[in-house]
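See structure below.
Just so we're clear, the structure is a prediction, and the values are computed from it rather than from any experiment.
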Amino acid sequence: MTVAKHTTNDPDVWNAFNTWVIEQSSRPLRDLEFIHEGALNLYLYPEIADYAKARPLGRRWRRLDSPSGRPTRCPSNWPTRRTVS
């Protein structure tokens with residue numbers, strides 16, 4: 001029995017995007033990745049909502065979280081979110 005690896009990335013979408021990247025004179029992307037890893041990469045996804053154990057960051061990635069460690073609050077004069085029905 002063969003078990004297929006589950007991935008959240010659609011291979012057809014990735015293939016089309018990778019083809020476009022190559023057409024722009026860039027090197028091919030790693031399998032099912034949508035960006036190249038550079039010398040320094042900034043990661044903005046909040047740590048509290050991250051899947052760090054499932055997919056750890058490489059050594060060239062730096063997380064930018066709130067410096068206080070507390071959630072950031074929007075100013076009180078900003079409009080509230082409305083539900084679209």
Side-chain angles (χ1 to χ4, degrees):
M1 179 176 151
T2 304
V3 177
K5 179 183 174 188
H6 174 72
T7 178
T8 56
N9 294 339
D10 183 327
D12 294 333
V13 171
W14 180 85
N15 282 321
F17 184 70
N18 190 47
T19 298
W20 179 84
V21 167
I22 295 166
E23 289 170 355
Q24 306 311 305
S25 302
S26 187
R27 67 188 188 279
L29 294 164
R30 287 183 168 182
D31 193 30
L32 296 178
E33 295 288 336
F34 283 87
I35 60 171
H36 291 106
E37 185 173 295
L40 176 62
N41 304 279
L42 302 177
Y43 189 69
L44 304 174
Y45 204 75
E47 186 173 15
I48 195 166
D50 196 5
Y51 296 95
K53 291 181 182 177
R55 187 173 184 171
L57 296 174
R59 64 181 181 83
R60 294 181 180 179
W61 288 88
R62 299 295 176 261
R63 178 186 301 283
L64 296 179
D65 274 329
S66 170
S68 68
R70 295 184 309 244
T72 303
R73 298 204 181 272
C74 295
S76 59
N77 62 340
W78 282 17
T80 58
R81 185 186 309 183
R82 293 181 294 152
T83 304
V84 177
S85 48

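Clustering ILVMFWY residues whenever any of their side-chain heavy atoms sit less than 4.5 angstrom apart, transitively, puts Ile22 in a cluster other than the one holding Ile35.
Taken to the nearest 0.5 Å, the CG atom of Asn18 stands 10.0 Å off from the CD atom of Glu23. Atom CH2 of Trp14 is separated from atom OG1 of Thr19 by 8.0 Å, given to the nearest 0.5 angstrom.
Applying side chain to side chain contact (heavy atoms under 4.5 Å, CB included) to Asn41 and the options Arg63, Arg60, His36 leaves one that passes, Arg60.
Side-chain contact between Phe34 and Val21: absent, with no pair of heavy atoms (C-beta onward) separated by less than 4.5 Å.
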